[in-house]
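Each remark here refers to the structure printed beneath this line.
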Amino acid sequence: MNDITIGIIGVGNVGSTLAFNLAISGLCNTILLKDIREDFTKAMALDISQAAKASNNNTKVKACFSKDEFKNCKIIIITAGIARKPNMSREDLLLTNTKIVKNIFDEVQEQNKDAIFIIVSNPLDTMVYAALEKSKLSRNRVFGMAGALDTSRFKHYIEEKLTINYKNIDALVIGSHSNKMVPLINHVKIDDKLLIDILNKEDINYILENTQNGGAKIVELLKTGSAYFAPAHCCFLMCKAIISDSKDVFSCSVKLLGEYNYNDLPLGVPCILGKNGIEEVLELELSKEELDELKNSMSVIENSINLLKGVKNETNI
């Protein structure tokens, strides 16, 4: 294993679970944790480090509270941000989390000049936009984890409706990380068979509806939180693809430069991940109906970014 450091900013459920996955895998030498809660972050660093030792991995986990400590990362995952609270407007959530993300780049970018940044903070696609605007980095080094998570939920609900033995589910979700995401149902293959040739319309609608509301369902059941195992593991898999230079395909929120007829806006689309981050954005052949759904999905992001620009003009973010 090369001398690789991965930084995690925001040590809540997603951040700490990701750190645990990384530590017990031995994927990197050092994991740096950064959060405003100092004692809590120190506790997570100790606990996760001890878990690594139980697996005989020598991964070091360190809590960092100064610019000089949080440095030389190959990858930095940003999960920091607040969840929307009762009586909080969408504008307030957007403004608050944008400030958090931009402050993070002020604190860590100088000491991590070669880092690849994976954004997990919500509203995700808009936070990718804000991170790119603040950092001035190229799109291959700043992108969002969402499509990989949405695709895992898509596969879960597909599996629920299958009554046949199978070896592989080939499925993909594109679009915004919202209930306007686009699960590509007509492209799903179960081994070599199209899913639409296996399931009836009622089952298909069940899969689509539950995929698009997958995160909300977990929030509803938890009452006081949101999903973290699946988001954290999807982040781990993306880190693994980058470090191993595997060229695996993940749906990522990435700034488009003409692909799908959009420019300078982030959208979840399939990308090849490797040592340089996003190595290539893949442009799928989509039907008119799928393109219309994608346009509807993009409108969610455009509205959020326009809202952010309006706030920016008023508050000089």
Side-chain angles (χ1 to χ4, degrees), residues 9-10 75-81 90-91 93-102 104-105 109 115-151 172-184 212 215 231 234-235 238 241-242 249-273 276-284 286 290-291 293-312 317:
I9 302 177
I75 304 170
I76 295 174
I77 302 95
I78 299 176
T79 75
R90 182 164 163 253
E91 293 91 333
L93 176 69
L94 189 63
L95 175 60
T96 299
N97 283 352
T98 297
K99 285 182 177 178
I100 290 170
V101 167
K102 290 190 173 186
I104 285 169
F105 278 92
Q109 190 172 355
I116 293 166
F117 292 85
I118 301 176
I119 310 299
V120 185
S121 307
N122 281 315
L124 185 130
D125 303 287
T126 312
M127 292 304 101
V128 172
Y129 176 87
L132 284 162
E133 184 183 56
K134 175 65 178 179
S135 68
K136 309 301 181 187
L137 295 173
S138 59
R139 69 173 181 174
N140 69 297
R141 290 179 55 196
V142 180
F143 48 92
M145 188 294 297
L149 170 61
D150 296 330
T151 296
L172 187 70
V173 175
I174 61 174
S176 64
H177 185 51
S178 72
N179 60 7
K180 299 296 184 183
M181 68 182 72
V182 185
L184 294 175
Q212 290 167 330
C234 289
C235 284
M238 291 172 69
I242 293 167
V249 176
F250 292 85
S251 185
C252 305
S253 182
V254 59
K255 182 170 78 171
L256 299 183
L257 300 174
E259 299 92 351
Y260 301 92
N261 296 319
Y262 294 105
N263 268 301
D264 298 324
L265 292 171
L267 186 68
V269 295
C271 301
I272 295 174
L273 289 189
N276 297 311
I278 290 181
E279 305 273 345
E280 184 180 351
V281 175
L282 303 177
E283 195 161 6
L284 303 174
L286 302 177
E290 289 164 340
L291 287 170
E293 290 177 359
L294 194 63
K295 183 178 180 180
N296 189 32
S297 191
M298 175 59 93
S299 69
V300 175
I301 302 170
E302 289 175 322
N303 290 339
S304 189
I305 289 174
N306 287 336
L307 182 60
L308 180 61
K309 288 179 177 178
V311 171
K312 179 179 178 180
I317 296 176

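All residue numbers refer to positions in the sequence shown, counting from 1.
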Between [atom1] on residue [X] and [atom2] on residue [Y], distance to nearest 0.5 Å:
{"X": "Ser253", "Y": "Ile119", "atom1": "OG", "atom2": "CD1", "result": "9.5 Å"}
{"X": "Leu149", "Y": "Met181", "atom1": "CG", "atom2": "CE", "result": "8.0 Å"}
{"X": "Leu267", "Y": "Glu302", "atom1": "CG", "atom2": "CD", "result": "9.5 Å"}
{"X": "Leu282", "Y": "Phe250", "atom1": "CG", "atom2": "CZ", "result": "12.5 Å"}
{"X": "Leu124", "Y": "Ile78", "atom1": "CG", "atom2": "CD1", "result": "11.0 Å"}
{"X": "His177", "Y": "Asn122", "atom1": "NE2", "atom2": "CG", "result": "5.0 Å"}

Quick one: does any side-chain atom of [X] pair with a main-chain N or O of [Y] as donor and acceptor, under 3.5 Å?
{"X": "Ser121", "Y": "Ala80", "value": "yes"}
{"X": "Gln212", "Y": "Lys180", "value": "no"}
{"X": "Ser304", "Y": "Ile301", "value": "no"}
{"X": "Glu259", "Y": "Leu257", "value": "yes"}

Practice task
Please assess Ser176 against Asp125 for the test side chain to side chain donor-acceptor pair (under 3.5 Å), listing each intermediate value before the final yes or no.
Solution key: CA-CA 7 Å; Ser176 64; Asp125 303 287; 4.9 Å; no
For the residue pair [X] and [Y], establish whether any side-chain heavy-atom pair is separated by less than 4.5 Å.
{"X": "Arg141", "Y": "Ser135", "answer": "no"}
{"X": "Glu133", "Y": "Val128", "answer": "no"}
{"X": "Asp264", "Y": "Lys255", "answer": "yes"}
{"X": "Thr98", "Y": "Lys134", "answer": "no"}
{"X": "Leu94", "Y": "Pro123", "answer": "yes"}
{"X": "Thr126", "Y": "Leu307", "answer": "no"}
{"X": "Met145", "Y": "Ile77", "answer": "no"}
{"X": "Leu284", "Y": "Leu184", "answer": "yes"}

Handout entry: Passing candidate, side chain to side chain contact (heavy atoms under 4.5 Å, CB included) with Leu172, options Val269, Val182, Thr151
Key =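 Answer to the side chain to side chain contact (heavy atoms under 4.5 Å, CB included) test with Leu172 among Val269, Val182, Thr151: Thr151.
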Problem - Name of the residue among Leu273, Asn276, Val254, Ile116 meeting side chain to side chain contact (heavy atoms under 4.5 Å, CB included) with Asn140 - result: Asn276
Problem - Intermediate values then yes/no, side chain to side chain contact (heavy atoms under 4.5 Å, CB included), Leu286 and Ile174 - result: CA-CA 11 Å; Leu286 302 177; Ile174 61 174; 4.0 Å; yes
Completion exercise
Scanning both residues in full, the closest heavy-atom pair of Glu283 with Tyr260 reads OE2-N, 2.7 Å
Practice task
For residues Val173 and Pro183, report the shortest heavy-atom separation together with the two atoms involved.
Solution key: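 Looking at all heavy atoms of both residues, the shortest contact is CG2-CA, 3.9 Å.
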